[in-house]
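Lettering of chains follows the sequences in order, A, B, ..., and the numbering in each one begins at 1. Keep in mind that this is a model prediction, so the values were computed, not measured.
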Number of protein chains: 2
Amino acid sequence: MPVVARSLSVLDAFGDGVPSLRLSAIAARTGLPAPTTLRLVRELVAWGGLERQADGSYRLGTRLWVLGNRAPCPQRLRDAVGLPILHAATGHSAHVAVADTAGALVIGESGGLVPDGTLLPWHATAAGLVLLAWADDDVRASALAAPARLTPYTVTAPGLLTERLRRIRHGEVAVSREEWRPGRTHVAVAVPGPHGRPAGALALAGRTAIPPGAVAALRRTAAAAGAVLARH
Amino acid sequence: MPVVARSLSVLDAFGDGVPSLRLSAIAARTGLPAPTTLRLVRELVAWGGLERQADGSYRLGTRLWVLGNRAPCPQRLRDAVGLPILHAATGHSAHVAVADTAGALVIGESGGLVPDGTLLPWHATAAGLVLLAWADDDVRASALAAPARLTPYTVTAPGLLTERLRRIRHGEVAVSREEWRPGRTHVAVAVPGPHGRPAGALALAGRTAIPPGAVAALRRTAAAAGAVLARH
DNA sequence: TCACTCCTTTCACGTCGTGGAACTCGCGCC
DNA sequence: GGCGCGAGTTCCACGACGTGAAAGGAGTGA
């Protein structure tokens, strides 16, 4: 592995949401020797991508946060969707999510039921299922390998999940009825993106079933957002 | 410069808010030769920190956004401050900002007057002045070199600005009366951070003057937030 | 005091990054 | 069409720089 990729894999070591890591933990996660890890970590600290804490452990730095906020793609996706409008039109809480390594990451919301920054599990949420349906094979395989039972209604049988993903790929709306949180129903569809893959998932959340009219509005909004994104 | 620092400087080339850059522009901004730039850019694209667009130009990638959102420090700062409470207590729109390269970046707000993600100019906003007062010498020098006149009330004389920064360093509250936007008054104080530097700036925004009582509440909130941050 | 772990420094080795030169492609201009 | 120019890309010999085992601190618990 080249040096640059190694240094970036150090950042990836923080990818699953751990707030801080010690040097040995980073070395273990990346598989790099300790001295090499130390050198890379120091360069990242000098840049601001990592910060050293008082106890010697490291955490992701502000520089990374600032730069990440500049990334135009999730911004454009969120803006293209017009969440407050969808929220007002359907009367349901709306959110957009993009594929992250460990699940579907909520990058924007309106209505308050699914806060910004939430990491939704692949197999138990509507947005997660939509993104998983088009994810890389290895991601899908690991997601289906050991699906956690989060509520009594969580579907965990790999065969059933694979069938759901197949239907979603054929255009069916993804539904999660209390599979993630009790008393919460989600529906989601893909926002069309480049290369035939979704740019993200657009979802509605409610305390009860989502009526067909709201689903239709969701579909229209997702299609419109995809069209907006397509013309740069 | 070592390889890792070079690759990170490529990311920094996008730091001032440009949505996309061509290869030659990145090479020009970083001062790297074209072949070297190409190699680094390709590694960053492979990782996901950059994305190549249809026209061949590059933009910051989703991976960077996702990782940046995981950075605990701005999250903790925003959470520690309790913006909605400050907003409710003072009746004024409140926001928190951290130092970015080109100004003060709003990382959280309540009240709607200063939207999240806004880049506030150093010299014409209260939060900008607070952060500039403790910024590195070279940042301060470049900020004071050519302060833009944004309204008829913008203070642009380097001598006056230096004097204001001196007072702010001595604990005085930073005030901007219509220096950034007509009809907007800001006041800001530092949220104490490690090494005697501010972790960020906490500010109130209003359409009229901010009363002394609100400023006192602002001071108390900033001090309390600094204390929360100090005990990890 | 010893044993252990984690972090850090050192240094000889050789891999891997380097960037000038050269090639290709697309575009605009005469 | 021919020519010139700039941007992006490939190639490759040179040597700087990254590498990681080994050894040296520093802190902690027994």
Side-chain angles (χ1 to χ4, degrees), chain A residues 1-16 18-61 63-64 71-73 194-195 231-232, chain B residues 1-61 63-64 71-73 194-195 230-232:
Chain A
M1 198 180 342
V3 212
V4 176
R6 286 180 162 201
S7 65
L8 297 172
S9 79
V10 168
L11 293 179
D12 277 336
F14 293 84
D16 62 358
V18 284
S20 73
L21 289 173
R22 338 194 84 255
L23 184 65
S24 52
I26 300 175
R29 285 175 174 231
T30 56
L32 297 171
T36 303
T37 309
L38 178 64
R39 221 169 337 108
L40 296 176
V41 161
R42 280 188 176 157
E43 293 202 71
L44 289 167
V45 168
W47 178 61
L50 290 182
E51 288 173 4
R52 183 153 208 194
Q53 306 188 87
D55 66 350
S57 65
Y58 300 89
R59 66 179 183 204
L60 293 175
R63 180 60 136 291
L64 207 57
C73 39
H195 317 302
R231 40 180 157 87
H232 281 219
Chain B
M1 193 179 345
V3 214
V4 176
R6 287 179 162 203
S7 66
L8 297 171
S9 79
V10 167
L11 293 179
D12 277 336
F14 293 83
D16 62 357
V18 283
S20 73
L21 290 173
R22 336 197 84 259
L23 184 64
S24 51
I26 300 174
R29 284 176 174 228
T30 55
L32 297 171
T36 303
T37 309
L38 178 63
R39 221 173 332 110
L40 296 176
V41 161
R42 279 188 176 157
E43 293 202 70
L44 290 166
V45 167
W47 178 61
L50 290 182
E51 289 174 2
R52 181 151 209 196
Q53 307 188 86
D55 65 350
S57 65
Y58 300 89
R59 65 180 184 203
L60 294 174
R63 179 61 137 289
L64 207 57
C73 40
H195 318 302
R231 43 181 153 87
H232 283 217

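- Look at CG on B:Leu40: it is 15 Å from C1' on D:dT9, rounded to the nearest Å.
- Using a 4.5 Å heavy-atom cutoff, the side chains of A:Ser7 and A:Glu43 are not in contact.
- Atom CG of A:Leu32 is separated from atom P of C:dC7 by 14 Å (rounded to the nearest Å).
- When every heavy atom of B:Ser57 is checked against every heavy atom of B:Asp55, the shortest pair comes out as OG-OD1, 2.8 Å.
- Between D:dG18, D:dG8, C:dT8, one nucleotide has an atom nearer to the side chain of B:Arg52 than all others, and that is D:dG8.
- Rounded to whole angstrom, the span from the CD atom of A:Glu43 across to the P atom of D:dG18 amounts to 6 Å.
- The nucleotide whose nearest atom lies closest to any side-chain atom of B:Leu23 is, among D:dG18, D:dT9, C:dG17, D:dT9.
- At least one side-chain heavy atom of B:Trp47 sits under 4.5 Å from a side-chain heavy atom of A:Asp12.
- The nucleotide whose nearest atom lies closest to any side-chain atom of A:Arg6 is, among C:dT8, D:dT19, D:dT9, D:dT19.
- Of the candidate nucleotides C:dT18, D:dT9, C:dC6, C:dT18 has the atom nearest to the side chain of B:Val3.
- One interatomic measurement links the two molecules: CZ of A:Arg22 to P of D:dA26, which rounds to 17 Å at whole-angstrom precision.
- Rounded to whole angstrom, the span from the CZ atom of A:Arg42 across to the C1' atom of C:dT8 amounts to 7 Å.
- Side-chain atoms of A:Leu11 and A:Leu50, non-hydrogen and from C-beta on, do get closer than 4.5 Å to each other.
- Of all non-hydrogen atoms in A:Gly49 and A:Arg63, the two that sit nearest each other are N-CB, 4.2 Å.
- With the nearest nucleotide of DNA chain C identified for both A:Tyr58 and A:Pro2, A:Tyr58 has the one nearer the 5' end.
- Looking at heavy-atom distances under 4.0 Å, B:Pro35 makes contact with a base.
- At its two ends the helix from C:dT8-D:dA23 to C:dC30-D:dG1 runs along axes set 40° apart, each axis drawn from five pairs and the angle rounded to 10°.
- Here B:Ser24 does not reach the OP1 or OP2 of D:dG6: none of its side-chain N or O atoms lies under 4.0 Å away.
- No side-chain heavy atom of A:Val10 sits less than 4.5 Å from a side-chain heavy atom of A:Arg6.
- A:Arg39 has its CZ atom 13 Å from the P atom of C:dT10, to the nearest Å.
- D:dT28 and D:dG24: their P atoms are spaced 23 Å apart (whole Å).
- Proximity of B:Thr36 to the phosphate of C:dG17: no side-chain N or O atom is located under 4.0 Å from OP1 or OP2.
- Rounded to an integer number of Å, the gap from CG of A:Asp55 to P of D:dT28 is 12 Å.
- Atom CE of B:Met1 is separated from atom C1' of C:dT18 by 14 Å (rounded to the nearest Å).
- What you find for A:Ala13 and A:Arg29 is that their closest heavy atoms are O-NH1, 2.8 Å.
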